[in-house]
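Residue numbers start at 1 and run along the sequence shown. Atoms within a ligand are numbered from 1 in the order they appear, just like the ligands themselves.
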Amino acid sequence: MTVKTVALASDHGGIELRKLIADYLEDQGIAYQEFGPKTAESVDYPNLAFTVSEKVATREVERGILICGTGIGMSIAANKVKGIRCALVGDTFSAHATREHNDTNVLALGARVTGPGLALDIVDIWLNTDYEGGRHANRLGQITDYEDQHC
Ligand code: RB5
């Protein structure tokens with residue numbers, strides 16, 4: 001399945017990587033909405049994570065990409081939104097696996113941890129890898145059931 005729409009955000013720690021990813025999306029002809037500071041001014045990441053995650057959860061866009069210094073804060077916040085499966089990824093094996101096994105709909109990256117070349121490879125793999133379903137569907141169903149009952 002080709003991804004056609006993405007919401008993208010960063011805090012001040014991820015501005016440069018956000019710009020590189022925006023250029024990549026532009027080159028690929030993928031429509032994107034971009035959130036986050038234009039300058040290095042300090043901003044809090046939770047609301048940015050919620051904004052992007054809500055757009056994914058309501059299916060306004062197909063996928064979300066979030067960047068902060070470590071990717072940790074963004075991923076924690078994103079996973080609070082019902083229906084979001086966000087993975088913090090720093091290697092290409094996990095980029096494949098988290099799509100094939102976890103059907104993640106939001107990707108978090110740590111701009112102070114993962115260099116730009118690797119980060120762009122991760123984005124490319126993550127956007128172009130399909131969910132496998134099968135044995136993984138039952139496991140994801142258990143997470144959805146928990147959300148339905150408790151969230
Ligand atoms: C901001 O200094 C930093 O805390 C943020 O970018 C992120 O790493 C949080 O998890």
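For the ring pair (Phe, Tyr, Trp, His ring centres under 6.0 Å) condition, the pairs that include at least one residue of residues 113-148, sequence neighbours left out, are His101-His136, Tyr146-His150.
Donor-acceptor pairing under 3.5 Å is recorded for the side chains of Arg18 and Ser10.
By the 4.0 Å N-to-carboxylate-O rule, Asp103 lies close enough to Arg99 to be salt-bridged with it.
Checking Val52, Val61, Val106, Leu25 one by one against Val6, the side chain to side chain contact (heavy atoms under 4.5 Å, CB included) holds for a single residue, Leu25.
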Requested in this report: Take Leu107 and Ile122, measure what side-chain contact (heavy atoms from CB on, under 4.5 Å) needs, and give me the verdict at the end.
Outcome: CA-CA 9 Å; Leu107 172 69; Ile122 289 168; 4.2 Å; yes

Expected rows: ligand 1 N/O, protein N/O, dist below 3.5 Å:
| from | atom 1 | to | atom 2 | distance (Å) |
| --- | --- | --- | --- | --- |
| ligand 1 | 6 (O) | Asp11 | OD2 | 2.6 |
| ligand 1 | 6 (O) | Gly69 | N | 2.7 |
| ligand 1 | 8 (O) | Gly69 | N | 3.3 |
| ligand 1 | 8 (O) | Thr70 | N | 2.9 |
| ligand 1 | 8 (O) | Thr70 | OG1 | 3.1 |
| ligand 1 | 10 (O) | Thr70 | OG1 | 3.2 |
| ligand 1 | 10 (O) | Gly73 | N | 2.8 |

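The two residues Asp11 and Gly69 make their nearest non-hydrogen contact at OD1-N, 4.0 Å.
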